Chemist: 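Before I ask anything, let me first share the structure, which is written out below as structure tokens.
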Amino acid sequence: MEKIKVGILTNTHGLRGEVKVKITSDFWEERFAKNAVLYIDVDGRTKELCVVNARLHKGMLIVKFKDYDDINQVCLLYTSPSPRDMRRS
């Protein structure tokens, strides 16, 4: 199944495991709805992420993923200085 790019993970947000995402597709409310499954490539592996919550904040989307409860866990997704693409099937 082909995956489409829905956003770019740009940075962490706060200490509670949230990330900033630059929206790159229409209908972000559907793409980042609660329980939506997104994919991100980290260190050559594709990780599956389940959205818990998403909201707009200063032109960026703030997203919380299941099982990522603090900044240290989210930093594992964001380990390089370049932004990471987020995809959805």
Side-chain angles (χ1 to χ4, degrees):
M1 182 181 298
E2 185 179 343
K3 294 179 177 73
I4 59 169
K5 183 173 165 182
V6 295
I8 301 170
L9 193 155
T10 61
N11 209 340
T12 59
H13 179 79
L15 300 174
R16 296 188 177 149
E18 295 177 316
V19 294
K20 292 181 183 178
V21 175
K22 180 180 178 184
I23 304 165
T24 60
S25 71
D26 295 333
F27 312 112
W28 71 266
E29 296 93 346
E30 294 174 22
R31 310 261 193 238
F32 291 89
K34 186 174 183 174
N35 297 321
V37 177
L38 302 174
Y39 302 91
I40 187 168
D41 292 330
V42 179
D43 298 327
R45 297 184 189 130
T46 300
K47 286 195 168 266
E48 186 176 284
L49 304 170
C50 182
V51 175
V52 171
N53 186 30
R55 68 184 191 281
L56 282 177
H57 177 71
K58 296 183 179 179
M60 298 286 279
L61 198 59
I62 306 299
V63 183
K64 174 85 167 101
F65 296 112
K66 183 178 179 183
D67 299 326
Y68 289 86
D69 297 320
D70 66 45
I71 192 169
N72 296 320
Q73 293 171 314
V74 172
C75 283
L76 297 175
L77 298 176
Y78 186 76
T79 56
S80 71
S82 61
R84 301 211 185 244
D85 291 345
M86 303 195 77
R87 292 178 163 62
R88 182 169 173 183
S89 53

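Just so it is clear, the structure is predicted and the values come from calculations on it, not from any experiment.
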Chemist: With rounding to the nearest 0.5 Å, note down the distance linking NZ in Lys58 to NE2 in His13.
Modeler: 8.5 Å
Chemist: Quick check against the 3.5 Å criterion: does Glu30 have a side-chain atom that pairs as donor or acceptor with the backbone of Phe27?
Modeler: no
Chemist: In Å, rounded to the nearest 0.5 Å, how long is the span from OG1 of Thr10 to NZ of Lys20?
Modeler: 6.5 Å
Chemist: What closest approach, in Å, do Ile71 and Gly14 show between heavy atoms, and which atom pair accounts for it?
Modeler: CD1-O, 3.5 Å
Chemist: Taking the side chain as every heavy atom from C-beta outward, state whether Val63 and Val51 have any pair of such atoms under 4.5 Å apart.
Modeler: yes
Chemist: Quick one: OG1 on Thr12 to CG on Asp70, what's the gap to the nearest 0.5 Å?
Modeler: 11.0 Å
Chemist: Within a strict 4.5 Å, meaning less than it, do heavy atoms of the Ile8 and Val21 side chains meet?
Modeler: no
Chemist: Please say yes or no: joined through hydrophobic side-chain contacts below 4.5 Å, possibly via intermediate residues, are Leu38 and Trp28 part of one cluster?
Modeler: yes
Chemist: Has the side chain of Thr46 got a donor or acceptor atom that lies under 3.5 Å from a matching backbone atom of Ile40?
Modeler: no
Chemist: Taking all heavy atoms of Lys3 and all of Tyr39, pick out the closest pair and write down the distance.
Modeler: CE-CD1, 3.5 Å
Chemist: Within the structure provided, determine whether Ile4 and Ser25 are in side-chain contact (heavy-atom separation under 4.5 Å).
Modeler: no
Chemist: Quick check: closest heavy atoms across Ala36 and Arg31, and the distance to 0.1 Å?
Modeler: CB-O, 3.5 Å
Chemist: Are the side chains of Glu18 and Arg55 in contact, using a 4.5 Å heavy-atom criterion?
Modeler: yes
Chemist: Give a yes or no on whether Leu15 and Val52 share a hydrophobic cluster (residues Ile, Leu, Val, Met, Phe, Trp, Tyr; joining criterion: side-chain heavy atoms under 4.5 Å apart).
Modeler: no
Chemist: Is there a side-chain contact between Arg16 and Asp69 in this structure, where contact means two heavy atoms from C-beta onward sitting under 4.5 Å apart?
Modeler: no
Chemist: With the side chain counted from C-beta on, respond yes when Asn53 and Phe32 share a heavy-atom pair under 4.5 Å apart, and no when they do not.
Modeler: no
Chemist: Using 0.5 Å steps for rounding, measure from the CD1 atom of Ile23 to the CE atom of Met60.
Modeler: 8.5 Å
Chemist: Taking the side chain as every heavy atom from C-beta outward, state whether Val74 and Phe65 have any atom pair closer than 4.5 Å.
Modeler: no
Chemist: Taking the side chain as every heavy atom from C-beta outward, state whether Asn11 and Val19 have any atom pair closer than 4.5 Å.
Modeler: no
